[in-house]
Protein chains: 2
Amino acid sequence: MFVDPRFLRTFTAVVRLGSFSAAARELGYTQSAVSQHVAVLEADLGAALLHRRPVAPTEAGTRLFEHAGAILLRLDAARADVARAVAEAPGTLVLGATPLSAGTAARVVAAARATRPALAASVRVATRDDVAVAVATGALDGGIVDGAAAPGDPLPLPETGVPVAELAEEPLVLAVAPGHALAGRGGVRLEDVVDARWIDAPDITTPLADLAMLARADGFRPALRYDGLDVSGLLALVAHAQGLALLPARVAAGGVPVVSPPLVHRTELLAVDVRERPDQIPALVASVFPAVAAPPAAAAR
Amino acid sequence: MFVDPRFLRTFTAVVRLGSFSAAARELGYTQSAVSQHVAVLEADLGAALLHRRPVAPTEAGTRLFEHAGAILLRLDAARADVARAVAEAPGTLVLGATPLSAGTAARVVAAARATRPALAASVRVATRDDVAVAVATGALDGGIVDGAAAPGDPLPLPETGVPVAELAEEPLVLAVAPGHALAGRGGVRLEDVVDARWIDAPDITTPLADLAMLARADGFRPALRYDGLDVSGLLALVAHAQGLALLPARVAAGGVPVVSPPLVHRTELLAVDVRERPDQIPALVASVFPAVAAPPAAAAR
DNA sequence: CTACCTTACGAAGGACGTAATTATT
DNA sequence: AATAATTACGTCCTTCGTAAGGTAG
C-alpha cells in the first residue's frame, strides 16, 4: 500500500470542514467515497485518524494533517514548476507583494521595464503565505515578501522549493503616536513593552503570536485587531494613539528603534528565475534599495 | 489526473540510475511498467521529462526530480509520524549523531538516563542528511547534527517537518598543523585562505562546495578528499600538514579563529519530542553544554 | 426519528505483465 | 546483431457510485 495523495486531499477537507458530507460536497465525491478514503488511510496507516460524531482529528490524525498540507502544496508546486519549464517566457509579469512590499514590487517592475520597456506587468497585494503559495503554484511569476526576523535569518515560509533571495534588511522600529511616552526615545527593548496596547495586524506586520516567539517573551495581547491589507489605515490607527505596531523604519517615520532582541525588517524575493540568475540579484537590489548594502546569494528553500 | 507518488518514485529511480531497466529491477517492476509510468507522467504534466539513449532528465525533468525527492521523503515522514503517534513510548532510545556530535549525543543519553536509569540507549553516527532523514522516517528516535552556519541561522536540512531545536553555537576555527604559517594567529579571514590546501571531508565537516556559498567566495579546491566518519583520522591528516579543515574550537585545539565572514559551529537537536516539550531544551543544553548560553525555543521546520 | 457515517456490491477505469515492435549503438 | 525503450493487449485490482445498514443525538 501507499499513501494516495487524493485520499490525503480528502482527509484534509474532512478535518478542515469537520464533516464527511461537507468534504464530499466540496470535492465532488459521494459521502460514501469520502468514508472509503478515510477508511483506506486508516487501514493503511494502522491508526484511527478521526473521531466521529463530532468529526475531529485524533492525535495521529493531527500529525498526518500537518504533513498532508505540505505534501499537497509541494505536489502542486512540482506541477507548476514543470509547466514553467516547458512554457516560453510569458509576455507578462505578474508579481505578488505583501502590503509593506508593494512599493518595492513597483520598483522591481520599473527595473524589469528598464530592460524590456514593453513588458505588461502587474502587482497584486496579499499576505505573505498567500504570495509564497501563489508563486509556488504558478499563479504568480514572482513575489516580494517581508517581515520581522533575527538578523541574517530567512523569513519562515511554506516549504515549496521556490528559490528565495534576500533583498534587504532594514531597521525595525516601534511605531508610536506623536506625543506617546516612548516617542523620541533612542531605542526600546521589546521585553519592556510586552504589556503595551498592541495592534494585531497579522496580514500586514508580524502577527503578535509570532512576535512572542521572535522576542522570546509572553504577552503581546492585542488591544485592537486590524484585518486588511491597507497600510495607511494601520498607520492612522497608530497616529491616533490606538496602539503600537512594529514596522520598518522606512514606513514609520518617527518610530522608536528596537534594540533588543536584535530584530530587523527583512525583505525577500521569491521567483524561480532567481535560481538561474543569482548574479542579477545584486544589481536588482542596487536599483530597488539604493541605500542598502549588497545582500548574499540566493538559496533554494 | 493527479501525480501518483508511485510514478514519482519510479521516475526518481530512473533518473538516479540513468536507465529504465535498472529502475525496474530495483523497484521490482518490469521494464514495460517503468516505461508506462514515465509515459503517464509525461502525458499528465504535458512535458518531456527524460531524454532517451542516453537516459537523462530534461529541463522539466530536473525540476520534477528536485520536487519528487522532497515529496517522497515527506510522505515517508508522515507515515512515520503517525506510527509514532499510535505507538507507546518505546523502552529504548536510538539516537543519531554526526561525527562531531557523537560526544554530545553521548551526553544527551547520560542526561536521559538521569531521569530513567534503566533506559536502553544507543548512538549511531552518520552524515547530517542521513541523520535527518532517519529521524523523519522513524528509524531513529532523535538526532544531533552540526555544521558551519552564519550566527543565528539554522542548518540547512532536508524538509521533513521534524522539529528542530538549537543546542549550541560555538566558535569555528581553522584547524592547522603545528608550525603552520597561520598557527598562533589571532584570526583568519576565509577570503584570504581560499587557495590554501584544503581537506574536503564532506561527511564530517562542511563540504567545500557548501563552504564557498557560506564564505561567498569561489575557490576552496580540495587538495585531499577524506571520506569516512572518523574524526581522529581527519585531525591526524591536519596535524601532519596534509591540509586545512574547518572545525569547532572544542575539537581543534590550537586552531585559528575564523573572523570573517561571521560563522559559527552550530549544533541542533532533531526530535519529535521537541514539539511537546520545548521547555526542557534549556535544561538539556545546560547539562550538555555547560559553557554555552541558553538557546532559543524550538521551531518546526 | 433523523442526520450522518459505514458497509455491500457491481460497473468502469487503471495498472501491470507478457509479448511483439521499434529504435539506437 | 544486440541492447533497450515503446506499444499492444489481456488480466486483475482499485475506485467510485448506488443503495442498504448502522448508530448517535
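We name chains A, B, ... by the order of the sequence lines, and we start the count at 1 in each one.
- Minimum heavy-atom separation, D129(A) to P158(A): OD1-CD, 3.6 Å.
- Remark: the backbone N or O of V94(B) is paired with a side-chain donor or acceptor of D141(B) at under 3.5 angstrom.
- Side chain to side chain, S32(B) and Q36(B) meet the donor-acceptor criterion of an N or O pair below 3.5 Å.
- Rounded to a whole Å, the NE2 atom of H37(A) is 15 Å from the P atom of dT7(C).
- dT15(D) atom C1' lies 11 Å from atom CZ of F2(B), rounded to whole Å.
- Atom CG of L49(A) is separated from atom P of dC5(C) by 16 Å (rounded to the nearest Å).
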Write out a two-atom table: protein N or O, nucleotide N or O from nucleotides 17-24 of chain C, distance below 3.5 Å.
| residue | atom | partner | partner atom | Å |
| --- | --- | --- | --- | --- |
| dG17(C) | OP2 | T30(B) | N | 3.2 |
| dG17(C) | OP2 | T30(B) | OG1 | 3.0 |
| dG17(C) | O6 | Q36(B) | NE2 | 3.4 |
| dT18(C) | O4 | S32(B) | OG | 3.0 |

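- When rounded to the nearest whole Å, the span between CZ of R25(A) and C1' of dC5(C) equals 13 Å.
- With P207(A) as the fixed residue, the side chain to side chain contact (heavy atoms under 4.5 Å, CB included) test singles out one of L211(A), D203(A), D210(A), T205(A): D210(A).
- Rounded to whole Å, atom P of dT14(D) lies 15 Å from atom CG of L41(A).
- Closest contact between the side chain of F7(A) and the listed nucleotides dA15(C), dT15(D), dA5(D) involves dT15(D).
- Distance, L27(B) CG to dC16(C) P: 11 Å, rounded to whole Å.
- When all heavy atoms of Y226(B) and P202(B) are compared, the closest pair comes out as O-CD, 3.8 Å.
- Nearest nucleotide to the side chain of S21(B), out of dA4(D), dC16(C), dC16(D): dA4(D).
- Within the 3.5 Å criterion, the main-chain N or O of T137(B) finds no donor-acceptor partner in the side chain of D76(B).
- V55(A) comes within 4.0 angstrom of sugar-phosphate atoms only, judged by non-hydrogen atoms across all strands, and of no base.
- Counting only distance, with no hydrogens or angles, the side chain of T58(A) and the backbone of A48(A) share a donor-acceptor pair below 3.5 Å.
- Heavy-atom distances to DNA chain D give each of S19(B) and R6(A) a nearest nucleotide, and the one nearer the 5′ end belongs to S19(B).
- Distance F20(B) CZ to dC16(C) C1': 16 Å, rounded to the nearest Å.
- Atom C1' of nucleotide dA8(D) and atom CD of Q31(B) are separated by 16 Å, given to the nearest angstrom.
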